[in-house]
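Numbering of ligands and ligand atoms starts at 1, following listing order. Here, residue 1 is the first one in the sequence, and each next residue gets the next number.
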Amino acid sequence: MSEFYKGSREFFPGIGKIKFEGKGSDNPLSFKFYDENKIIGGKTMREHLRFSTAYWHSFCADGSDPFGNGTIVHPWKNTEEKADAAFEFFTKIGTPYYCFHDIDASPDADTVSEYEASYKKTTELLLARQKETGVKLLWNTANAFSHPRYMNGASTNPDFRILARAASQVKASLDANVMLGGENYVFWGGREGYTTLLNTNMKKELEHMAQFLTLARDYGRKIGFKGSFLIEPKPMEPSKHQYDVDSATVIGFLREHGLEKDFKLNIEANHATLAGHSFDHDLRVAADAGLLGSVDANIGDAQNGWDTDQFPTDVYDALKAMMVIVDNGGLNSGGLNFDAKIRRNSTDQEDLFHAHIGGMDTFALALEIATKIKDDGKLNSMLTRRYESFDSGKGKEFEQGKMTLEDLRDFAADDSSIPQISGKQELIENMLNRYMFG
Ligand code: XUL
Ligand code: CO
C-alpha cells in the first residue's frame, strides 16, 4: 500500500510522504521537530497536537486579495478532484484531521434542495476518502458569509427569510458532520454584527442568534451529534463590529443563553490579536472557564491590523499558547487546525508543504518546551508563591467568603508594614529563553 492516498491522479507529483528527519537534516521537505510517534507524557505528539488542514485555504483559496486577481492555479477542476487532492495532501503531510465549510468541498446552488443533494453526494465521497485513509473530520461549518444574500448577516439578519436560509445550511452541515463522524461543529459569525448602530437593533439580533444556536444544538443532539459545538470569536473583519468579539464576550453570551454545556470556544490566534489581546490571553480566558474547545493555529503580522492568516512560525508565541493548552490537560476533542494560507506570491505547489511543515514543527517544539517547563515546575511554583498570602489566615478566609468589607478594613488597620513583593517579570522571561534555547 502506498504511503499516501492517490486518487484519480497525483496532484502533488514529485513530493512523497513528509517524514521526520530531525534537526540535523538538510532536506527542507522533512520535519525537524515533529516526530508523530514520539511519546511525551504518555501520549504521542500526534495525539497531543491533533493537527488539521483547512480545506478552504489549502484547496480553494487562489491568492486573490482586494487589489488583485488570483495568482495560485490549482490543477483540480471539480469536487471529486479537489477531494482527491485534499486527501493526497493530508496523507502526504500527515495531518490526522481536516476541517471544511460546506461550500469549500461541495458546490453551492440557488435552491436549498439542489444544494442539499450535492452536499449529500460530496459527504459520501468524503466519507469514502476518510475510510480509505483514516483521516478524520475535526470540524465542519456552514459558510453563511460569502454569498451576497448574507450581506446583512445570517442568524442576525433583519430579514427572517435569510435567517431560515442560513439555518438550511447549518442543518445540512450537521447532517454531513454526523455522517462523517465529526468531533466538533463550528460557528464563525463573519457577518453576525453590524456596520452602523443607526440601522441595527442589537438586542433583537443577539436574541435571534441565541435562538438560532439553540435550535442548531437541539437538532444536532437529536440526530446523534455527540461532539462540541464551537463558537469562534473574532472582533471584526468582514463586519465592522462582530458580536463574538473575544473569549470573554462569547463566554458571557453562552452563559446568558444557557448554551455553555454544549458549546465551547474555537480560539484563533489572529482573531485574538485583532481583538487587542494576545493568543495566550484568549486561550487562558477560555480554559479558565472550562470552555477551551479547539484552536485555529495561525499568526498575524505585527505591522498589519488585519487577519493575515499566516502559518505560525513564531515559537515564542506558540510556546505561550502551548503552556495554556498543556496546563488545560490538552484539547480533548479539539485540535490545532491550520486556519492559515500561503502568501499570494508563494506560487509553487511545494509551498503548501513548507507552510505546514513550519507550522507543525513550530507547535511540536512548543509542546516539548511547554512540557519541560511543566515538569520542571519552577515557573509554576513561582506562580503559586505569588498568591501565597491567600493560602492561610485571613487571606484564606477572604477566599472562602468568610470576611466582610469591615473585616478587611480592620485587618488593614492592624497591618502596618506591608512588604513590597516583586513580580519578577524579567527573571521569568529570561527563564523562558533558557528553556527554549538552553
Ligand atoms: C475567518 C475564519 C474562518 C473560520 C471558519 O476569519 O477564521 O475561516 O475559522 O468559518
Ligand atoms: Co478560523
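Using a 4.0 angstrom heavy-atom cutoff, V186 does not count as in contact with ligand 1. For H271, the closest heavy-atom approach to ligand 1 falls below 4.0 Å.
We find that K120 and E116 are not joined by a salt bridge, their nearest charged nitrogen and carboxylate oxygen being 4.0 Å or further apart.
Residue E232 counts as close to the Co ion (ligand 2), with an N, O or S atom under 2.8 Å.
For the side-chain contact (heavy atoms from CB on, under 4.5 Å) with H356, the qualifying choice from F89, F31, F51 is F89, the only one to do so. The one candidate from I72, V73, I342 that meets the side-chain contact (heavy atoms from CB on, under 4.5 Å) condition with T347 is I72. The side-chain hydrogen bond (donor to acceptor under 3.5 Å, both in side chains) test with N337 singles out one residue from N184, D296, N298, and that residue is D296.
Taking only nitrogen or oxygen atoms, main chain and side chain alike, D339 reaches within less than 3.5 Å of ligand 1. Considering backbone and side-chain atoms alike, E232 places an N or O below 3.5 Å from some N or O of ligand 1. At least one N or O atom of D307, backbone or side chain, sits closer than 3.5 Å to an N or O atom of ligand 1.
When distances from the Co ion (ligand 2) to the N, O or S atoms of D339 are compared, OD2 comes out shortest. The atom of E268 that is an N, O or S and sits closest to the Co ion (ligand 2) is OE1. Residue D296 approaches the Co ion (ligand 2) most closely through its N/O/S atom OD2.
Here the side chains of S294 and L138 are in contact, with some heavy-atom distance below 4.5 Å.
No close placement of the F263 and H257 rings is indicated, their centers lying 6.0 Å or farther apart.
Crowding of K43 atom NZ: a count of heavy atoms from other residues, nucleotides or ligands under 6.0 Å exceeding 12.
Closest heavy-atom approach to atom 5 (C) of ligand 1 within the set E268, K234, H101: this belongs to H101.
The ligand atoms of ligand 1 that sit less than 4.0 angstrom from a heavy atom of D296 are 9 (O). Against a heavy-atom cut-off of under 4.0 Å, W56 is close to the following atoms of ligand 1: 8 (O).
Judged by a 6.0 Å distance limit and a 45° cone about the ring axis, K92 is positioned over the six-membered ring of F4.
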